[in-house]
2 protein chains.
Amino acid sequence: MPKPSAREKVMDAYEELLIEQGPGAVTLEAVAARAGVSKGGLLYHFGSKDALVEGLIERIGQLGVADREAARNAPEGVVRYYLESSATDVTDDKAIHHTTMATMRLIGSEPRIDVAMRAYTDEWRLLLNEHITHPVTAEIIGAIGDGLYFRASLGVDPSPLLKELTDVLLRFSEKETEPG
Amino acid sequence: MPKPSAREKVMDAYEELLIEQGPGAVTLEAVAARAGVSKGGLLYHFGSKDALVEGLIERIGQLGVADREAARNAPEGVVRYYLESSATDVTDDKAIHHTTMATMRLIGSEPRIDVAMRAYTDEWRLLLNEHITHPVTAEIIGAIGDGLYFRASLGVDPSPLLKELTDVLLRFSEKETEPG
DNA sequence: GTCTATATTCTGATAGAC
DNA sequence: GTCTATCAGAATATAGAC
C-alpha cells in the first residue's frame, strides 16, 4: 500500500467526520485537524468546502465501478455478493462502505450528492436485473440491500437472521433464474 | 382542523426545510422566515436550536404510536399497511411521512435522533413479528420497508413494480402464517 | 506544499420595546 | 406573544511568509 497523499488523508478525514458526527460538525478546521494538516494546507488541495463534496462524489463513482466489477467476478455470484456486502455496519472501513456511509450523511443537502447516490443504487439495480430473471424478484432484493444499508447508517447492527435471510432470498432468486 | 398554533407552524417549517434543503440550510432565521414569524418570535416557542430537535423527536414518537395503532386497525392488515405506507416519496405530506423524512436528514448528526429513529424501526419490527409467523420473513419485509423509505428520502419515485412486489411478499408471508 | 494571520460574513442567542 | 436591535463566537476564505 503506497503511503497516502495529503489529499487522500484529507478526504479520509472528511468521510470519518461525516460518518461519526454528521455534516454539522464538518468544518474546514475540524477536517484539517483530523487529517493532521493546517487549514491552509487543506485549502491548497481542496480550494473550498464545495471541493470536498466534489471529491466525495468522484470517489463514490470510482469505487462503485470497481465494486460492481468485483461483484461480476465474485465466485459466490452477483446476488450473494450484493446481499452480503449490504449487510455492513457504520464502522466498516472497507473503502466502498466508508464512502457510501459518508455520502448518505449528505443526502438532501446537496443535489449533486443525491444524483450520485441515485446513480449508485440504479447501477446496482441494473446489475441485479442482469442476474435475476424475474424483475419483481430483482426489485425485492434491491430494496432489501437498500434497507440493510439504511439500517447500517442508523447504527443498527446487522441482523442475526442475516445468513438465513440471504439463503432464503438466494433460493427464491435461483429458482426463478433457472430455465423452464 | 383547528388553525395551527405558531409553535406548530414553526415545527412544520423546520421539517420542510430539513427535507428540501438539508440540515445545512436550517438556520433559525430561515425557519422563522418560512414559518412567517421573526427570529425572536421563533425563540419564544423554541428557546434554542436544540429545542427544535427535541420537538422533532417528540413528534416522531407520537406520530409513530398513532401510525402503528392505525396499522393494527387497518382492514387490509398490518403487513400490507406497512408495505404500502413505506412506498412513499419525499413530497408526501402525510404527517408521519413528513416527520420521518425530516428526521432522516439528521441521522448521524444527533445521537438522540438516531435513538428515536432506531426506536421507530424497532417498534415496526416488533409489530411485524406479531403478525408474521416466520421471523426470517418478518425480517425480509421489515428490511424492504426500510429500503423503500431510504429510496424515498433519496428522491427516487416509488417503483412501478411496487404493487406486484407487495403482492408477492404478502403471499409469501400469508403462506407462512397459516397453521400447518 | 504547508503554515500563520487576518478579513469578512453568518449564526445562535440575549435584551428590551410594544 | 411577537417584534427589532444588537453582540459574541464561529466559519469560510484570502494573503503572504517559509
Side-chain angles (χ1 to χ4, degrees), chain A residues 1-59 102-103 105-113, chain B residues 1-59 102-103 105-113:
Chain A
M1 221 177 312
K3 81 158 184 274
S5 66
R7 195 187 148 90
E8 276 167 347
K9 278 195 297 187
V10 169
M11 272 302 297
D12 290 343
Y14 177 55
E15 289 186 2
E16 287 163 18
L17 230 47
L18 276 174
I19 293 169
E20 294 167 19
Q21 307 194 49
V26 176
T27 64
L28 297 181
E29 194 168 12
V31 174
R34 183 176 280 236
V37 298
S38 69
K39 216 190 289 191
L42 182 156
L43 283 163
Y44 171 78
H45 295 286
F46 297 91
S48 69
K49 202 176 185 185
D50 193 72
L52 287 169
V53 174
E54 281 299 330
L56 186 64
I57 290 170
E58 196 178 328
R59 245 197 194 182
T103 306
R105 298 297 195 216
L106 291 174
I107 288 173
S109 299
E110 288 282 343
R112 291 163 298 162
I113 287 278
Chain B
M1 220 176 311
K3 81 158 182 274
S5 67
R7 195 186 150 90
E8 276 167 349
K9 278 195 297 187
V10 169
M11 272 301 298
D12 290 343
Y14 178 54
E15 290 186 3
E16 286 163 19
L17 230 47
L18 276 174
I19 292 170
E20 292 168 20
Q21 309 194 48
V26 177
T27 64
L28 296 181
E29 195 167 13
V31 174
R34 183 175 281 237
V37 298
S38 68
K39 213 193 289 194
L42 182 155
L43 283 163
Y44 171 78
H45 295 286
F46 297 91
S48 70
K49 203 175 185 186
D50 194 72
L52 287 170
V53 175
E54 281 300 329
L56 186 64
I57 289 170
E58 196 178 328
R59 245 198 195 181
T103 307
R105 299 296 195 218
L106 290 175
I107 288 174
S109 299
E110 287 283 343
R112 290 161 299 162
I113 287 280

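Hydrogens, waters and symmetry mates are skipped; everything else that's a heavy atom, side chains included, is used. Each chain gets a letter, A, B and so on, in the order the sequences are listed, and its residues count up from 1.
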For this session: Report yes if a side-chain nitrogen or oxygen of B:Y44 is closer than 4.0 Å to either non-bridging phosphate oxygen (OP1 or OP2) of D:dG1; otherwise report no.
Result: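 Yes, within the criterion.
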Rounded to whole angstroms, how far apart are [atom1] on [X] and [atom2] on [N]?
X: B:E29; N: C:dA13; atom1: CD; atom2: P; value: 14 Å
X: A:K49; N: D:dT12; atom1: NZ; atom2: P; value: 4 Å
X: A:K39; N: C:dC3; atom1: NZ; atom2: C1'; value: 12 Å
X: B:L42; N: C:dA13; atom1: CG; atom2: P; value: 10 Å
X: A:K9; N: C:dG1; atom1: NZ; atom2: P; value: 13 Å
X: A:F46; N: D:dT14; atom1: CZ; atom2: C1'; value: 19 Å
X: B:L43; N: C:dT11; atom1: CG; atom2: P; value: 14 Å

Exercise. Quick one: on DNA chain D, does A:T27 or A:G40 contact a more 5' nucleotide (nearest heavy atom)?
Worked result: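 The residue mapped nearer the 5' terminus is A:T27.
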Problem set entry | Of B:R34, B:R59, B:R7, the residue whose pairing with B:D12 passes salt bridge (charged side-chain N to carboxylate O under 4.0 Å, His left out) | B:R59
Is [X] touching bases, backbone alone, or none of the nucleic acid, heavy atoms closer than 4.0 Å?
X: B:V31; value: nothing
X: B:S38; value: base
X: A:L28; value: sugar-phosphate

For this session: Would you check if A:L17 and A:R105 make a side-chain contact, meaning some heavy-atom pair closer than 4.5 Å?
Result: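 They are not in contact (no side-chain heavy atoms under 4.5 Å apart), so the answer is no.
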Exercise. Considering residues, nucleotides and ligands other than B:E29, do more than 12 of their heavy atoms fall under 6.0 Å from its CD?
Worked result: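 Result for CD/B:E29: open.
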Problem set entry | Gap between atom CD1 of B:I113 and atom OG1 of B:T103 - 0.5 Å precision | 5.5 Å
